[in-house]
Structure formats: C-alpha cells, structure tokens
Amino acid sequence: MSPTLLPEAVQQLLDRQAIEDVLVRYSRAVDRADIELLRSCYHDDAVEDHGGVFKGPARDYVDQIALILPRARFLNHLVTNVLVEFTGPDAARVEAHILTFARMKKDDEKFDTWTLARTVDRFERRHGRWAISSRRLCFEWNQEVPMNESWGRGLMVPDPKALVRGAKRPDDILYKD
C-alpha cells in the first residue's frame, strides 16, 4: 500500500469500527430494553422499513417497540456477516445478518423461536457521529421449537435458580456498579 493511502485506509478502519459499534449497540439496546441507547443508533430523521412489520420514521418505530421490549424477557440479537461499503467520506452502505432468539408464550405454550434477518442500512456521519439514516430489513428464515431449558440436563448447572440471569435495564448487570 502506498504511504499516501495509509491515512485514508486507517480512517476507513476507524469508521468501519464505529459503524459496527452502532450495530452492536442496537442489539444491546433491544435486548436490554434501553430505549435511549436505541434512539442513539439512528439520526433524528432516519427511516425504518422493518420488512413488512413497520415502515416509517425510525423515531416512530422506536416509540412502538419501546412498549414491547420491556416485556420481552428472553431476547437476544447476534450481529454477523457485516459488510461495510463506503459510498463517500461520510456515507456507507452496510449489510448485516441479525440472528435473533426469543422465548415466547402463546395459548399457555412456551416456545423458543430463532429468526435470521438481514439489514441493509445507509449510515451517515453527521457532526462526527456515525448513525443509521435509513434501514431496510428482510427476513430470511424462522425456526421454532418447544421450550426446553434444562442447562445440559443438569450437567452444566445443577441448580438453575442459582444463576445470575440477564435482565432489562436497569436490572441487568450491565447497569450495576
């Protein structure tokens, strides 16, 4: 690599990391029901197209799921296969796979559901801050199984009641001193 290109390449690495941090903060925000953190992942005028579930201003999307997230006890989002394509010094097209686990209950039946979705985002750097300006999401697949949490049938943890478990904000260990 030419020495004259090195500063640009280093800046792109820093920008790529900042963008990936937003994606991971988004996951933390929805998993912990941290609504202010979730808002910070978007620019104020961002739009959200959540794959047939919601389409409109991202702020309205956040307001809508803010009512649901605190009640979603078991919810985990894993971000994988992140591809950042810079379209300018302050803009990028970002594709990511999001694998989601949720424990749900319907008609007194508990079940676990796995869903793979893909996001295609437009990220913009404004006033030095990278955030989502436009998100499109498509669903790839979903798998559901009856809930069967046994912690390795007792081999991993003999008494699951003794485990420190994840929780929503402010009760999760993340928000404790």
Side-chain angles (χ1 to χ4, degrees), residues 8-104 106 111-144 166-170 172 174-175:
E8 182 180 329
V10 170
Q11 185 59 55
Q12 279 199 347
L13 286 172
L14 294 171
D15 292 340
R16 183 179 311 277
Q17 186 61 57
I19 288 167
E20 290 185 20
D21 285 353
V22 173
L23 294 172
V24 174
R25 280 198 315 270
Y26 179 98
S27 293
R28 173 190 280 179
V30 292
D31 291 348
R32 300 293 137 231
D34 189 334
I35 305 309
E36 291 312 308
L37 182 61
L38 181 58
R39 285 188 205 290
S40 76
C41 296
Y42 293 95
H43 285 297
D44 290 339
D45 61 348
V47 294
E48 173 81 23
D49 180 350
H50 212 77
V53 177
F54 177 92
K55 188 173 185 176
R59 66 181 170 277
D60 293 350
Y61 167 73
V62 172
D63 289 344
Q64 193 175 87
I65 66 170
L67 303 173
I68 299 166
L69 292 177
R71 295 178 289 138
R73 174 69 177 99
F74 296 100
L75 183 64
N76 300 103
H77 289 71
L78 308 169
V79 180
T80 67
N81 297 15
V82 177
L83 181 60
V84 178
E85 299 168 323
F86 291 99
T87 57
D90 296 317
R93 182 174 186 232
V94 180
E95 179 185 29
H97 287 77
I98 312 294
L99 182 60
T100 304
F101 168 84
R103 176 154 293 155
M104 304 179 103
K106 184 175 181 183
F111 61 97
D112 295 336
T113 181
W114 291 90
T115 303
L116 181 68
R118 203 164 30 90
T119 57
V120 177
D121 297 327
R122 177 173 169 78
F123 270 78
E124 294 179 2
R125 177 178 25 214
R126 300 180 190 171
H127 309 291
R129 180 177 78 92
W130 284 101
I132 301 166
S133 61
S134 173
R135 167 164 279 186
R136 290 179 297 147
L137 181 140
C138 66
F139 292 96
E140 298 288 347
W141 55 260
N142 173 262
Q143 174 68 42
E144 296 175 359
K168 302 298 179 190
R169 181 182 180 168
D172 189 76
L174 177 68
Y175 303 98

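Please read these numbers as outputs of a predicted model, since none were measured by experiment.
Counting non-hydrogen atoms of other residues, nucleotides and ligands closer than 6.0 Å to CZ of R93 gives a total of 12 or fewer. In this structure, D60 places its CG atom where more than 12 heavy-atom neighbours from other residues, nucleotides or ligands lie under 6.0 Å away. Heavy-atom contacts from other residues, nucleotides or ligands closer than 6.0 Å to CZ of R136 number 12 or fewer.
For the residue pair R125 and Q11, the shortest heavy atom distance occurs at NH1-NE2, 3.6 Å. When all heavy atoms of V62 and R39 are compared, the pair lying nearest together is CG1-NH1, 3.5 Å. Of all non-hydrogen atoms in V82 and A96, the two that sit nearest each other are CG2-CB, 4.1 Å. In terms of heavy atoms, A131 sits closest to S40 at CB-O, 4.3 Å. Between T87 and A92, the closest heavy-atom pair is OG1-N, 3.7 Å. Looking at every heavy atom in both residues, R32 comes nearest to N76 through NH2-ND2, 4.1 Å.
With R28 contributing its side chain and V24 its backbone, the two residues share no donor-acceptor pair below 3.5 Å. Side-chain atoms of D172 come within 3.5 Å of backbone atoms of L174 as a donor-acceptor pair (strictly under, hydrogens ignored).
A cation-pi arrangement is present between R135 and Y26, with the terminal nitrogen or guanidinium carbon under 6.0 Å from the aromatic centre and inside a 45° cone about the axis.
No hydrogens or angles considered: a donor-acceptor pair under 3.5 Å links the side chains of D21 and Q17. In summary, the side chains of T113 and N142 do present a donor paired with an acceptor at a separation below 3.5 Å, with no hydrogens or angles considered.
Rounding to the nearest 0.5 Å gives a distance of 8.0 Å between CG of N81 and CD of E95.
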CA sep, side-chain torsions, deciding dist, call: L78, I98, side chain to side chain contact (heavy atoms under 4.5 Å, CB included):
CA-CA 6 Å; L78 308 169; I98 312 294; over 6 Å; no

- Message: If you apply the rule side chain to side chain contact (heavy atoms under 4.5 Å, CB included), what do you find for D15 with W130, and how did you get there?
- Response: CA-CA 8 Å; D15 292 340; W130 284 101; 3.3 Å; yes

Open item on the list: Determine whether R126 and H43 satisfy the following criterion, side chain to side chain contact (heavy atoms under 4.5 Å, CB included), listing intermediate values before the conclusion.
Closed with: CA-CA 8 Å; R126 300 180 190 171; H43 285 297; 3.4 Å; yes

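Remark: of the listed residues M104, R103, K168, K168 is the sole one forming a side-chain contact (heavy atoms from CB on, under 4.5 Å) with L75.
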